[in-house]
Structure formats: C-alpha cells, structure tokens
Protein chains: 2
Amino acid sequence: MADKYDSLKLENQLCFPLYACAKEVVKRYKPFLDKIDLTYTQYIAMMVMWEHKSVNVKELGEYLFLDSGTLTPLLKTLEKKGFVTRERSKEDERNLIVKVTDKGLKLRDEAVKVPMEMSGCIKFEKEDAAQLYRLLHKMLDNFE
Amino acid sequence: MADKYDSLKLENQLCFPLYACAKEVVKRYKPFLDKIDLTYTQYIAMMVMWEHKSVNVKELGEYLFLDSGTLTPLLKTLEKKGFVTRERSKEDERNLIVKVTDKGLKLRDEAVKVPMEMSGCIKFEKEDAAQLYRLLHKMLDNFE
DNA sequence: TCAAATTAAATTGTGTACAATATAATCACA
DNA sequence: TGTGATTATATTGTACACAATTTAATTTGA
C-alpha cells in the first residue's frame with residue numbers, strides 16, 4: 001500500500017508529535033502557573049532569573065532559544081508584575097540588564113510546587129522520561 | 001550541591017527541551033515551506049487534507065490537536081490561497097466541511113520534496129528518530 | 001413536543017514566536 | 001581618528017494558539 005506520498009502522511013512525521021506534545025504539555029502547566037500569575041514562557045524566563053539573578057537579553061535569549069522580538073514585550077510584562085527590573089548597562093549601553101527583584105525571589109517559593117504538581121499530572125515512567133530527555137538534548141545539540 | 005530549588009532549574013526540565021526542539025525544527029521547515037507558500041501549521045493541515053480529501057473542522061482539530069480558534073482563520077487563509085473550499089454540511093448545518101481543491105492536490109507534488117529536503121537538513125540517526133517517535137506517541141497517548 | 005442541554009464553529013482578547021527592519025552604541029582598522 | 005562594520009535591543013507586521021464567550025443548529029427527555 002506504499003505510495004509516493006507516504007512521506008507526507010501525518011503519522012510518518014517526527015516533527016508533528018514533537019510539536020503536538022510540546023503544546024499539550026505546556027497546556028497542562030496552565031492551571032498551576034495561573035496560581036502564580038505566570039505564562040509558560042514567563043515561567044521559563046523566571047527559571048533563568050532565579051538561577052542567574054542578573055542577565056542581559058542576549059544571554060536570556062540563548063538560554064531560552066528566543067529573540068528580542070519575543071523577549072522585549074515579555075520582560076516588560078514581568079517588570080510590570082514586579083518580578084524583574086530592566087536597565088541599560090553602564091559599561092555598554094547596548095546591553096539591557098535584567099535583574100530579579102525581591103518579589104521575584106519570593107515567587108520562587110510558590111513556584112517550587114509547580115514541578116511537583118506537574119509530575120502528579122503527567123504519568124511517564126522514569127526510564128522513558130530519561131530517554132526522551134537524552135534524545136531531545138541530542139537533537140538540540142545538533143542545531144548549534 | 002543539591003538545594004530545594006533544583007526542580008526549577010532549566011536543565012532539569014523535560015518540557016523545556018520539548019518546547020525548544022519543536023520550535024527549532026519548525027523554524028527549519030520555513031525555507032522549504034516558503035517555496036510552496038505554506039506555514040508549518042498550514043502544511044500539517046494540508047497533510048490531513050491530502051490524505052482525507054474532505055473533513056469537518058472538528059475532525060481536523062482532532063487530528064492536529066488544534067481548536068476552531070486556530071483553525072477558523074487558518075482555513076480561511078487556505079481558502080483564499082485556493083487550496084481548500086469551506087461549506088456547511090447539508091445534513092447538519094453546524095458542521096463546516098473542508099475539501100481539498102484541484103489546486104490543493106497539485107500542491108502535493110511540490111510538497112513531497114519537503115520531507116526529503118528536511119531529512120537532508122536534520123541529521124538524526126534512524127534509531128534515535130525511531131526511539132523519539134515511539135516516546136512522543138507514548139506521551140501523546142497518555143493525554144487522551 | 002418543546003424547552004433545556006448539547007454540539008460545532010466563529011469570535012474576542014491576550015500572549016507568544018519570529019522575520020525583517022530600525023536605531024543606537026561600540027568596535028575595528030585603514 | 002574617523003567611518004564603515006558589527007552588535008544589542010526595539011519595533012513592526014504576520015501568524016499562530018488557546019481560553020472564554022457567543023451564536024446557531026441539533027438532540028434529548030420530561
């Protein structure tokens with residue numbers, strides 16, 4: 001039953017389940033992230049901020065695979081919410097330094113619940129999760 | 001060096017590489033999809049149309065994990081490009097029937113090049129790809 | 001049988017994503 | 001040292017993505 005269009009069947013794609021899975025998982029974060037007033041993208045941005053305290057937009061973009069077109073409005077929102085500050089670097093005014101605030105640091109204590117709540121929500125065997133993690137990072141490494 | 005915030009580190013996430021990988025792969029489709037005047041979402045919608053010829057919006061949404069909020073404007077765009085038609089079902093006027101046109105079917109012959117071009121662009125061992133495919137579908141199955 | 005519930009699409013509003021372009025600061029080097 | 005190239009961020013325009021709501025058609029059950 002093979003025909004010349006088999007490569008265009010949805011079930012033969014690798015990218016499609018990747019795309020669909022990512023969306024479905026992010027969707028499942030929503031009820032938990034709502035409680036701490038963050039979207040998923042804001043949440044991963046805050047992860048970087050919690051770990052590094054101070055970064056510029058370019059560095060943040062490299063961590064998250066996002067560019068200034070996405071990050072500029074997102075960081076303005078996080079600033080409005082009081083979780084980060086934004087100011088130009090004195091040494092090189094092209095750089096915009098993003099710093100986590102005290103309020104942003106306090107949020108971290110609420111946010112630690114999120115991974116726990118999620119692991120209760122998505123049942124995926126430890127071994128499978130480790131395999132998936134390894135393969136995704138292998139693919140990401142190929143991109144650089 | 002373990003601390004109570006380890007679960008919030010970007011490197012300990014499973015969702016983040018999923019999210020990042022999906023975006024990076026979709027981005028790599030762009031130059032090839034530009035040649036046939038489709039975005040990635042329009043491309044996977046056309047995959048369903050090429051295979052099934054005629055579906056309603058609900059069915060299409062089930063195949064693609066998308067809702068009418070995304071599909072309605074997307075299908076209007078595909079209609080404007082002449083690749084599909086949209087009309088209400090006679091039997092049940094709640095249903096909108098989407099049909100692929102002759103122009104849409106012709107596009108398929110151009111589109112078969114895309115998976116070939118992509119496989120030349122993303123080098124990922126056959127075994128890894130098969131593993132990844134299996135794990136992603138296992139996760140998607142858990143969601144239903 | 002007909003009003004309430006359900007269903008399918010469409011609409012509205014918010015928030016990404018990203019390509020392309022613009023702007024401003026800094027760097028490199030002739 | 002000045003100017004052309006480079007770099008970092010911001011802006012603009014297009015296209016998703018989805019929650020929440022609306023509208024219209026159909027189904028259900030007292």
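Residue numbering restarts at 1 for every chain, and letters A, B, ... go by the order of the sequence lines. The basis for the numbers below is simple: all heavy atoms, side chains too, and nothing from hydrogens, waters or symmetry mates.
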Rounded interatomic separation in angstrom, taking [atom1] from [X] and [atom2] from [N]:
| X | N | atom1 | atom2 | value |
| --- | --- | --- | --- | --- |
| K58(B) | dA10(C) | NZ | C1' | 16 Å |
| R88(B) | dA24(D) | CZ | P | 11 Å |
| L33(A) | dT14(C) | CG | C1' | 16 Å |
| L60(A) | dT16(C) | CG | P | 13 Å |
| D67(B) | dT7(C) | CG | P | 17 Å |
| E91(B) | dT27(D) | CD | P | 11 Å |
| L38(B) | dT14(D) | CG | P | 18 Å |
| K30(A) | dG15(C) | NZ | P | 10 Å |

For this session: Using a strict 4.0 Å threshold on nitrogen-to-oxygen distance, state whether K106(A) and D102(A) make a salt bridge.
Result: no
For [X] and [Y], which heavy atoms make the closest approach, and how far apart are they?
| X | Y | result |
| --- | --- | --- |
| Q13(B) | S7(B) | NE2-O, 2.8 Å |
| L64(A) | A45(A) | CD1-CA, 3.7 Å |
| Q42(B) | T77(B) | NE2-CG2, 3.7 Å |

Is the shortest side-chain N/O distance from [X] to OP1 or OP2 of [N] below 4.0 Å?
| X | N | value |
| --- | --- | --- |
| N95(B) | dA25(D) | no |
| T41(A) | dA17(C) | yes |
| K27(B) | dC18(C) | yes |
| S68(A) | dT9(D) | no |
| Y19(A) | dA17(D) | yes |

Exercise. If you find the nucleotide of DNA chain D closest to K23(A) and the one closest to P73(A), which residue's nucleotide is nearer the 5' end?
Worked result: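 That would be P73(A).
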For this session: Please tell me which of T72(A) and E24(A) maps to the more 5' nucleotide of DNA chain D, matching each residue to the nucleotide holding its nearest heavy atom.
Result: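 The residue mapped nearer the 5' terminus is T72(A).
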Exercise. DNA chain C: G69(B) or T77(A), which has the more 5' nearest nucleotide?
Worked result: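 Closest to the 5' end, via its nearest nucleotide, is G69(B).
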Problem set entry | Ring centers of Y19(B), F65(A) separated by less than 6.0 Å | no
Exercise. For D141(B), does the CG atom sit with more than 12 other heavy atoms under 6.0 Å from it, leaving out its own atoms?
Worked result: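 Count over threshold, so yes.
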Between [options], spot the one nearest the side chain of [X], thanks.
| X | options | answer |
| --- | --- | --- |
| N56(A) | dT11(C), dT9(D), dA17(D) | dT9(D) |
| L96(B) | dA10(C), dA10(D), dC18(D) | dA10(C) |
| T70(B) | dA10(C), dA17(D), dT9(D) | dA17(D) |
| D92(A) | dT26(C), dT26(D), dA9(C) | dT26(C) |
| T39(A) | dT9(D), dA15(D), dT16(C) | dT16(C) |

Exercise. Which is true for L66(B) with a 4.0 Å heavy-atom rule: it touches a base, it touches only sugar-phosphate, or it touches nothing?
Worked result: sugar-phosphate
Exercise. Looking across every strand, which nucleic acid part, if any, lies under 4.0 Å from L74(B) by heavy atom: base, sugar-phosphate, or nothing?
Worked result: sugar-phosphate
Problem set entry | Side-chain donor/acceptor of R94(B) to base of dT7(C), under 3.5 Å |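 Looking at the base of dT7(C), it does pair with a donor or acceptor on the side chain of R94(B) (distance under 3.5 Å).
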